[in-house]
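Report on one structure; see the data block that follows.
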Protein chains: 2
Amino acid sequence: MNASPPAAKKPRTRIQKKNRKTILDAALDVFSQNGFRGSTLDQIARAAGLSKPNLLYYFPSKEAIHVELLSCLMDTWLDPLRALDPAGEPKREILSYVRRKLGMSRDYPRESRLFANEILQGAPRIRKAIRGELKDLVDEKAEVIRGWSARGAIARVNPHHLIFSIWALTQHYADFDVQVRLILEDRESDPFPEAERYLETLFDKLLTP
Amino acid sequence: MNASPPAAKKPRTRIQKKNRKTILDAALDVFSQNGFRGSTLDQIARAAGLSKPNLLYYFPSKEAIHVELLSCLMDTWLDPLRALDPAGEPKREILSYVRRKLGMSRDYPRESRLFANEILQGAPRIRKAIRGELKDLVDEKAEVIRGWSARGAIARVNPHHLIFSIWALTQHYADFDVQVRLILEDRESDPFPEAERYLETLFDKLLTP
DNA sequence: AAGGAGTTTTACCAATTGGTCAGAAAGACG
DNA sequence: CGTCTTTCTGACCAATTGGTAAAACTCCTT
């Protein structure tokens with residue numbers, strides 16, 4: 001009797017699980033390239049190999065797909081920072097964070113661009129998560145870094161801006177990938193190895209007291 | 001007799017000059033916030049205080065407005081790097097460039113976001129300018145930096161990635177402004193002064209041999 | 001004041017958009 | 001096999017989109 005969509009909740013059947021995944025993957029492709037308003041359900045449907053009404057059988061609306069993507073993303077996105085260990089060796093911890101974050105740009109560029117698009121447009125759909133989860137985590141880890149800084153384990157730096165700089169430098173290689181590759185066209189076919197070396201020396205020098 | 005639009009060329013009358021400027025400014029607002037496909041002529045018209053057909057009297061199409069904005073932008077955008085003086089004191093030159101570029105993020109955030117949006121979407125409309133003008137200028141200045149590096153005036157760094165890092169770090173404060181402000185909400189009402197201090201020490205340490 | 005160029009508006013269009021609905025097809029299961 | 005649920009489709013819709021046509025208005029020049 002109840003043939004209505006699963007209301008974007010727990011998928012029950014195998015088919016639902018598979019198709020929801022297909023849709024989200026296709027949507028990630030499309031949204032990350034065109035932004036929310038620039039993407040159409042038809043594009044997503046085509047990319048997913050499904051019909052448009054079929055998309056809307058699995059998700060109640062275009063926005064619901066986008067929201068689902070963003071909320072899944074936020075967790076993955078924070079993982080590298082979460083792993084920063086207050087008990088570890090300070091400089092090594094931060095350098096590992098940089099390496100992990102650069103790895104995310106290399107391996108999940110679509111996610112990075114989706115996030116960038118959302119922020120660029122004023123973060124209408126994830127303001128809350130930024131002021132909440134993200135800010136809390138950042139404040140917590142900034143405090144850890146401040147401690148390291150204060151006891152002389154690393155140089156004195158503004159912890160919040162240190163974190164911003166790690167984000168900026170690593171995400172740049174995902175979000176501005178096209179530009180980077182166009183400029184390096186005749187030098188490096190894959191910018192990431194050189195980027196890793198460069199960022200390592202940069203943060204090493206910055207953090208050495 | 002000829003009442004057709006001025007074909008996006010030199011404005012002749014005062015009214016044309018004024019209205020074209022108004023339109024471009026409104027379009028910059030809208031495009032920088034929503035991207036090309038996410039923006040509508042109605043939004044731009046409303047922001048400019050004109051009717052939609054009136055917009056299309058001054059510009060032949062939505063795309064023409066966007067292209068005009070981008071080509072105007074490219075020049076302004078390259079100015080800070082152009083000003084990097086091969087004859088100047090190396091470290092001071094680079095630090096000045098960083099300061100100029102950060103100033104652009106502070107004073108022209110809309111332009112920065114317009115550019116970011118375009119790159120994020122694969123740079124369909126400025127590929128040529130990137131491979132041409134931009135790449136040429138970057139290669140030229142990278143060579144200058146390489147020279148400084150080689151003769152020991154600054155530390156050994158990959159010049160291209162140095163330039164990328166300056167872009168990434170400075171543009172971050174324009175493109176991700178919302179995020180930065182949300183996270184610093186209870187600390188800094190204006191992130192830029194602290195950002196300038198932070199970036200100065202970062203590049204100072206990086207470039208000191 | 002008249003004429004014509006330059007400017008603006010009203011009314012409109014075809015295409016695309018997100019979304020709905022009734023029913024057809026496909027499984028699942030006894 | 002038959003029945004019930006889940007999955008999918010074609011036809012459709014109202015709203016929005018970029019863009020046009022032509023008439024109307026404004027303003028400068030003579």
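Throughout, protein chains are lettered first and strands after them, A, B, ... in sequence-line order, and every chain is numbered starting at 1.
- Rounded to whole Å, the distance from CG on B:Leu56 to C1' on C:dC12 is 14 Å.
- We find that CG of B:Asp42 is positioned 11 Å from C1' of D:dG19, with the value rounded to whole Å.
- Here the nucleotide nearest the side chain of B:Lys52, chosen from D:dT9, C:dG18, D:dG19, is D:dG19.
- Taking only side-chain atoms of B:Leu41, from C-beta outward, the nucleotide of D:dG19, C:dT8, C:dG19 with the closest atom is D:dG19.
- Residue B:Thr40 is classed as a sugar-phosphate contact, given heavy-atom separations below 4.0 Å to backbone atoms only.
- Atom CZ of B:Arg20 and atom P of C:dG6 are 15 Å apart (whole Å).
- Per the geometry, CG belonging to B:Asn34 stands 16 Å off C1' belonging to D:dG18, to the nearest Å.
- In this structure, A:Lys91 forms no cation-pi arrangement with A:Trp148, as its terminal cationic atom is not both closer than 6.0 Å to the ring centre and no more than 45° off the ring axis.
- A ring-centre distance under 6.0 Å is not found for A:Tyr198 and B:His160.
- The shortest distance between the side-chain N/O atoms of B:Gln16 and the OP1/OP2 oxygens of C:dG6 is not below 4.0 Å.
- Atoms CG (A:Asn54) and P (C:dG18) sit 16 Å apart, rounded to a whole Å.
- Side-chain contact check for A:Asn158 and B:Glu194: at least one donor-acceptor pair (N or O, by modelled atom type) lies under 3.5 Å.
- In terms of heavy atoms, A:Ser165 sits closest to A:Leu162 at OG-O, 2.6 Å.
- Between the base of C:dG19 and the side chain of A:Lys62 there is no donor-acceptor pair shorter than 3.5 Å.
- Comparing B:Asn19 and B:Arg37 along DNA chain C, the residue whose closest nucleotide (by nearest heavy atom) sits nearer the 5' end is B:Asn19.
- The distance from atom CG of A:Leu55 to atom P of C:dT17 is 14 Å, rounded to the nearest whole Å.
- An OP1 or OP2 oxygen of D:dT9 is reached within less than 4.0 angstrom by a side-chain nitrogen or oxygen of A:Ser51.
- Take the nearest nucleotide of DNA chain D for B:Pro53 and for A:Ile15: the residue whose nucleotide is more 5' is A:Ile15.
- In this structure, OH of A:Tyr57 is placed 18 Å from P of C:dA24, rounded to the nearest angstrom.
- Stacking of B:Arg125 on the aromatic ring of B:Phe36 is recorded, both the 6.0 Å distance cut-off and the 45° axial limit being met.
- The separation between B:Glu63 atom CD and D:dT17 atom C1' is 15 Å, rounded to whole Å.
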